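All values below were derived from every heavy atom in this structure, side-chain atoms included, with hydrogens, water molecules and symmetry-related copies excluded. Values in this document were obtained by computation on a predicted structure and should not be read as measured data.
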Amino acid sequence: MTSQTSAQITLNLLQGSVRFNFSEAAAQDLKVALVKLVTQLKAIAAQPVGSSKRTPEPTLEYQHAGDVFFEVFCNPNIWPSPFAAKLLITVRDDRIRLTTEAELPRVLEDLNHYLEA
């Protein structure tokens, strides 16, 4: 698969799944953003509980406009670890809009599966 072609990615949500066209380049960009998010979450988890020196981490706001508009949002400051973190996912076009949550580890797994195919 070249970076110019789009294949369908399937993201498993908390209940159900969603499938849409997504390019390899967009998938790589999303993976970079999610790996950075995992690093932020690990840094937050390593800080002592109740630490007054805790520095808020910036939110993840990923957007991609292809066949559909795809957005991923996460505030890393509200999750205790990467394993607990959930992402707010929006997939929309001119006829439908889906906004739901997905687990960060599962989305990373789905993304890796897509990139390996």
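- Rounding to the nearest 0.5 Å places CD of E116 at 10.0 Å from CG of L111.
- Distance alone, capped at 3.5 Å, is enough to place a donor-acceptor pair between the D110 side chain and the N12 backbone.
- We find the CZ-OG1 distance between F73 and T90 to be 10.5 Å, quoted to the nearest 0.5 Å.
- Note: the hydrophobic cluster containing F69 does not contain V72 (ILVMFWY, side chain heavy atoms under 4.5 Å, direct or indirect links).
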Review point. Yes or no on side chain to side chain contact (heavy atoms under 4.5 Å, CB included) for F20 and T10, after CA distance, side-chain angles and deciding distance?
Key: CA-CA 7 Å; F20 54 93; T10 300; over 6 Å; no
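- Under the 4.5 Å side-chain heavy-atom criterion for ILVMFWY residues, no single connected hydrophobic cluster contains both L88 and W79.
- Heavy atoms only, all atoms of each residue included: L13 and A102 are closest at CD2-CB, 4.0 Å.
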Exercise for review: With side chain to side chain contact (heavy atoms under 4.5 Å, CB included) as the test, would you mind laying out the steps for T100 and L14 before giving the verdict?
Suggested key: CA-CA 8 Å; T100 189; L14 292 178; 5.7 Å; no
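- Checked by atom type and distance alone, the side chain of N77 pairs as donor or acceptor with a backbone atom of E57 at under 3.5 Å.
- Atom-to-atom distance recorded for T39:OG1 and L37:CG is 8.5 Å, nearest 0.5 angstrom.
- Classification of the Y62-H64 ring pair by plane angle, with boundaries at 30° and 60°, yields parallel.
- Interatomic distance, T99 OG1 to E71 CD, rounded to the nearest 0.5 Å: 8.0 Å.
- Residues L108 and V32 do not share a hydrophobic cluster, clusters being chains of Ile/Leu/Val/Met/Phe/Trp/Tyr side chains in contact below 4.5 Å.
- Considering SG of C74 and CD1 of I89, their distance stands at 10.0 Å, rounded to 0.5 Å.
- The CD1 atom of I44 sits 10.0 Å away from atom CD1 of I78, with the distance rounded to the nearest 0.5 Å.
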